Amino acid sequence: MLERLFVDLRLPVALLTLTALLGGGSAAASEETAPALWGYGVKSCAAFLSTLPRNDLPLSLADEDYLRHRQWLAGFVSGLNFAIGRDVLRGAELDAAMTRIAAICKDNPGDDFFNASLRLVRSLGQLKSDQ
């Protein structure tokens with residue numbers, strides 16, 4: 001029964017998520033109903049870059065804010081995987097994704113962590129860019 005409910009809910013959730021991510025709908029409608037972003041996704045790339053751990057330190061000694069960014073990314077990726085039914089990181093480890101997002105942030109300092117994360121997923125070809 002629970003499995004059936006999961007399958008029944010998957011398509012509507014996927015469609016709503018993709019519509020929001022890809023900018024579906026009219027400009028006026030999207031301005032009025034733009035989804036709120038929560039958590040570490042709204043932090044600036046500069047804030048994220050300031051938390052990067054040194055290469056010689058184990059992850060367990062990383063800055064608490066770095067670990068929170070990592071957890072936010074894990075949730076974001078999990079949600080996208082669920083919504084579209086495939087691995088948006090294409091088998092990459094979460095720590096490799098964090099390294100790539102750091103490089104994206106360095107190249108795009110005006111981004112926030114959400115947009116840097118979305119750039120990574122789009123660069124892997126898992127979401128179509130709306131541009």
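For clarity, every value in this text was computed on a predicted model and none was experimentally measured.
If you take CG on L80 and CZ on R86, they are separated by 10.0 Å, rounding to the nearest 0.5 Å. Expressed to the nearest 0.5 Å, how far CZ of F113 lies from CZ of F48 amounts to 4.5 Å. Of the inter-residue distances, the one linking L52 atom CG with I101 atom CD1 reads 11.0 Å to the nearest 0.5 angstrom. Interatomic distance, CZ of R119 versus CG of D111, reported as 4.0 Å (0.5 Å rounding). To the nearest 0.5 Å, the span separating CG on D112 from OH on Y40 amounts to 14.5 Å.
For A47, the side chain to side chain contact (heavy atoms under 4.5 Å, CB included) partners two or more places apart in sequence, or in a different chain, are K43, S44. Remark: P53 pairs with A62, Y66 by the side chain to side chain contact (heavy atoms under 4.5 Å, CB included) rule, at least two apart or across chains. Scored by the salt bridge (Lys or Arg N to Asp or Glu O under 4.0 Å) test, D65 finds R68 as partners (sequence neighbours excluded).
For residues 91-102, the set of pairs meeting the side chain to side chain donor-acceptor pair (under 3.5 Å) definition, not counting sequence neighbours, comprises R70-D95, R100-S123. Sorted pairs that involve residues 69-102 and meet disulfide (SG to SG under 2.5 Å), not counting sequence neighbours, are lacking altogether. Pairs engaging residues 43-117 under the disulfide (SG to SG under 2.5 Å) rule: C45-C105 [sequence neighbours left out].
Under the 4.5 Å side-chain criterion, counting only non-hydrogen atoms from C-beta, N115 is not in contact with I104.
A donor-acceptor pair under 3.5 Å is absent between the side-chain atoms of D87 and the main chain of N81, judged by distance alone.
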- Stepwise side chain to side chain contact (heavy atoms under 4.5 Å, CB included) check, F76 with L118: CA-CA 9 Å; F76 177 65; L118 194 55; 4.2 Å; yes
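Heavy atoms only, all atoms of each residue included: S117 and L73 are closest at OG-CD1, 3.7 Å. Residues V88 and L124 come closest through the heavy atom pair O-CD1, 3.5 Å.
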